[in-house]
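Step one of this worksheet: look at the structure below.
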Amino acid sequence: MNYQLDFTPVIDGLPNLLLGCLGTFLLAVCGMLLAIVIGIGGVILRTSKIKAARWAMIGFVELIRNTPFLVQIFFLYFALPLAGLRLDPTPTAIIALGINGGAYAIEIIRGGVQSISKGQIEAGLALGLHRAQVFRFIVLKPALRAIFPSLTSQFVLLTLSTSIASAISAYELTSVSQRIESESFRSFEVYFTVTAFYLVISWLMMRLFGLFSSRYFAYPVK
Amino acid sequence: MTYSSDAQADTMITLDHVEKWYGAFKALHDISMSVRQGEKIVLCGPSGSGKSTLIRCINYLEPHQKGEIRVDGILLGHQAKAIDAIRREVGMVFQQFNLFPHLTVLENCMLAPMRALGLSKAAAEDRARGLLERVKIAEQAAKYPAQLSGGQQQRVAIARALCMQPKVMLFDEPTSALDPEMVKEVLDTMIGLAEDGMTMICVTHEMGFARQVADRVIFMAEGAIVEQAPPAEFFSNPRHERTRKFLGEILNH
């Protein structure tokens, strides 16, 4: 082994790599926001009185959780144009991440909603609030608090899944590094650096979630 | 005194041949009763006798299957509009308090007036502070439920229900989950409410409270009303064997 480490291409490519990090971060944040919306909306449908809505959500969750994310992202990228919707790789990746993360979020949040005692719901109803108001003002926050650690790890996973969006060349860290690697053939150096960057991004995400949690869920419980 | 089930001008609640099942189990048997405006009723009976179920039917937390329930002239059918109307007029206090843990005491009291009655934030806050004052807990307004004792939580729950300015208050074993030293503060609050003329139905085993406050004590067993009488008569001269047995068990322990 007389491999000579040479980080020059990495250093030269640093501005691009940092932009790639930013791309990954934005992809992850947008994906999460969409996943949260899908997750909460999905839980409402999943627990609604309408049987068709419940079954549609069960089907959706099963479909997404039992197929590979790479295939899902390809499917969206090549199927959406057939449906007349032509999107750039990055928005497509955001939608795919949102749908995938949303399906997992539905099951996680549903667990949180079920952990809320029936008495809370009854108290809300007895005060004259409607079911939707009870969900929004009484159930949602304590439910999210109950499952926030699981949601955090799911969303860190979502952050890392953004690398799969390189398959449709969305703008993010992995695709940027692939370009640098293919021009320099410094595979080890490039992926060593990229691994470190992903670690930092994951850690940053966890910190952000921790910060949010300590602010938003600051109320004391017994 | 007679308890006519005929509609009277001052009748607040009427139950007419109400029946309720949980699947094959019949929880309420042919319940007929009426409650006058301002009347204080204590409902008692052994556990499983259907007393909680009965008051939970009045605000439709439990649907009944047969018979009619009317509150302040509104027929409680199974359509959302009547249910909403009745819930705005009927306040309920639960055994487990059921305060919302993520809201402060003040916010607990403001939520429903703002969302169900459409009060402005300022008006809701005014009302909430006034009622927290009334249950003598105004200084705790900024705290969260978990920071209060059981007795304090239950008083907040009473204030929260009163913020809807209900015409009727239902109490479902309000002191059963409390440590003994906190029972009095909650009962005192309820006595104050009774003195102000609130129509009240209280499911409770606090017989001292019943003697002091109730206009009528209703004894239930196995989902049916066994007997009812003013407290003096109820305690000194119970007519049914079931009632005597029950009173013997709860009064001589």
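Because the structure is a prediction, the values reported are computed rather than measured. Naming convention: chains lettered A, B, ... in sequence-line order (proteins, then strands); numbering from 1 in each chain.
Proximity of B/Phe171 to B/Thr204: side-chain heavy atoms (C-beta onward) are nowhere separated by under 4.5 Å.
Of the two parts of B/Val90, only the backbone, made up of N, CA, C and O, holds a non-hydrogen atom closer than 4.5 Å to a non-hydrogen atom of chain A. Of the atoms belonging to B/Phe94, it is side-chain heavy atoms, and not backbone ones, that fall under 4.5 Å from chain A. Of the two parts of B/Ile58, neither the backbone nor the side chain holds a non-hydrogen atom closer than 4.5 Å to a non-hydrogen atom of chain A. For B/Leu117, no part lies near chain A; criterion is any non-hydrogen pair under 4.5 Å.
Each of B/Gln95, B/Arg56, B/Arg88, B/Met92 has some count of heavy-atom pairs under 4.5 Å with chain A, and the biggest count is that of B/Arg56. For the options B/Glu89, B/Lys143, B/Arg160, B/Gln96, heavy-atom pairs under 4.5 Å to chain A are most numerous at B/Arg160. Residue with the most contacts toward chain B among A/Ser117, A/Gly124, A/Ala123: A/Ala123 (heavy-atom pairs, distance under 4.5 Å).
The residues A/Lys118 and A/Glu122 are annotated as salt-bridged, a charged nitrogen and a carboxylate oxygen being separated by less than 4.0 angstrom. Ionic pairing of B/Arg155 and B/Asp188 is not present here: no N-O contact between side-chain nitrogen and carboxylate oxygen is shorter than 4.0 angstrom. Residues B/Glu125 and B/Arg129 are paired through a salt bridge, judged by an N-O separation under 4.0 Å between the basic side chain and the carboxylate.
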Criterion salt bridge (Lys or Arg N to Asp or Glu O under 4.0 Å) on B/Glu68 and B/Arg70, from CA distance to verdict: CA-CA 7 Å; B/Glu68 273 187 4; B/Arg70 270 175 208 277; 3.7 Å; yes
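No hydrogens or angles considered: nothing links the side chains of B/Arg87 and B/Asn59 as a donor-acceptor pair under 3.5 Å.
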